[in-house]
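So you know, we letter chains A, B, ... as the sequences are listed, proteins then strands, and number each from 1.
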Amino acid sequence: MRGSLERALDTLSRLYPERKSFLDYETPFQLLVAVVLSAQCTDACVNEVTPALFSAYPDPAALANASPAELEALVFRTGFYRTKARHIREAAAIIVERFGGKVPGTMEDLTSLPGVGRKSAGVLLARCFGGQAIIVDTHFARVAWRLGLTAKGKNGLNPILVERDVAAALPKGRWTECSDLLNRHGREACFARKPRCLSCPIAAECDAFPVPGAV
DNA sequence: ATCCCGAGGG
DNA sequence: CCCTCTGGAT
């Protein structure tokens, strides 16, 4: 990276002052379900299916007893619908049986749930448990790579390595803020295709500037 | 490395 | 047609 990550974050925090979630939810349980459904699909799509889902299954006990076919129908549009339906149902059962009906608040317990990897667990820790986490999704990884914070390996970007590299470049107190801001920048300007490099406020700090085909 | 899997953009 | 959209499990 050409400049300081902390200075880039200061700039982005002025560009994106509010730090809202893009997934609709009211409780940790609802966020857990929404995050699992968000794999490889847009949050807008998730938000279309979750109202009916949360209405039909308001808590882990209800979801654990859901009919698989009915559940698959409700989450169909999010893609990977068989896998996702099974994961959220099994996760709900585990939450009831092992965690007293409450979503657990540690990385280890969260990632023990089916369908919950480090990225999804990080979202829960940061949003519901006040934790600090480097949340590596497709947007975050792309932006971190373009800035020059991490490198691609044989198989492209490895989320674990991206997390390690960014964590090493930043005090832990800013991990979640960094996750939010790079993610937000990725979805609003630093697109995978035709990113808005010409109006990017942190272009001067970016190793990839200007990305070929940028506008 | 591969599979799961629908939807929209270019 | 190919890529991308807040990944995770095998």
- Task: Evaluate whether atom CZ of A/R86 has more than 12 neighbouring non-hydrogen atoms of other residues, nucleotides or ligands under 6.0 angstrom away.
- Result: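 Counting other residues, nucleotides and ligands, CZ of A/R86 exceeds 12 neighbours.
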Could you state the [atom1]-[atom2] distance from [X] to [N], rounded to the nearest angstrom?
X: A/F80; N: B/dC3; atom1: CZ; atom2: C1'; value: 8 Å
X: A/E48; N: B/dG8; atom1: CD; atom2: C1'; value: 12 Å
X: A/E72; N: B/dG6; atom1: CD; atom2: C1'; value: 14 Å

Check every strand shown and say whether [X] touches a base, only sugar-phosphate, or nothing at a heavy-atom separation below 4.0 Å.
X: A/R86; value: nothing
X: A/L113; value: sugar-phosphate
X: A/V116; value: sugar-phosphate
X: A/T78; value: nothing

Closest to the 5' end of DNA chain B, once A/K154 and A/K84 are matched to their nearest nucleotides, is A/K154
Considering heavy-atom distances to DNA chain C, does A/G115 or A/F22 have its closest nucleotide positioned more toward the 5' end?
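Its nucleotide being nearer the 5' end, the pick is A/F22.
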(Q) Please compare A/P114 and A/D43 by the position of their nearest nucleotide in DNA chain C and report the one closer to 5'. (A)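 First, find each residue's nearest nucleotide; the 5'-ward one identifies A/D43.
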When rounded to the nearest 0.5 angstrom, what distance separates OH in A/Y57 from CZ in A/F29?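 Output value for this atom pair is 10.5 Å.
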Quick note, A/F76 side chain, CB onward, closest among B/dG6, B/dG8, B/dC4 is B/dG6
Practice item. Give the nucleotide from the list C/dC5, B/dG9, B/dG6 with an atom nearest to the side chain of A/R193. Key: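 In terms of side-chain proximity for A/R193, the closest of C/dC5, B/dG9, B/dG6 is B/dG9.
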Checklist line | P-based separation of B/dC5 from C/dT4 [nearest Å] | finding: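 That atom pair is separated by 22 Å.
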Has [X] got a side-chain N or O lying under 4.0 Å from the OP1 or OP2 atom of [N]?
X: A/Q40; N: C/dG7; answer: yes
X: A/H139; N: C/dC5; answer: yes
X: A/S120; N: C/dG8; answer: yes

Please determine whether a side-chain nitrogen of the Lys or Arg among A/D10 and A/R174 lies less than 4.0 Å from a carboxylate oxygen of the Asp or Glu. yes
*Could you tell me whether A/R127 and A/D180 make a salt bridge, using a distance below 4.0 angstrom between a side-chain N and a carboxylate O?*
yes
Dot-bracket assigned to DNA chain B with the 3.5 Å Watson-Crick/G-U criterion, [ ] for crossing and | for other-strand pairs, is ||||.|||||
Q | Side-chain donor or acceptor of A/K119 paired with backbone N/O of A/A39 under 3.5 Å | A |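 A pair under 3.5 Å: no.
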Closest non-hydrogen atoms of A/P60 and A/A92, given as atom of the first, atom of the second and distance, are O-CB, 3.4 Å
Heavy-atom pair of closest approach, residues A/M1 and A/A8 |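 Of all heavy-atom pairs spanning A/M1 and A/A8, the closest is CE-CB, 3.8 Å.
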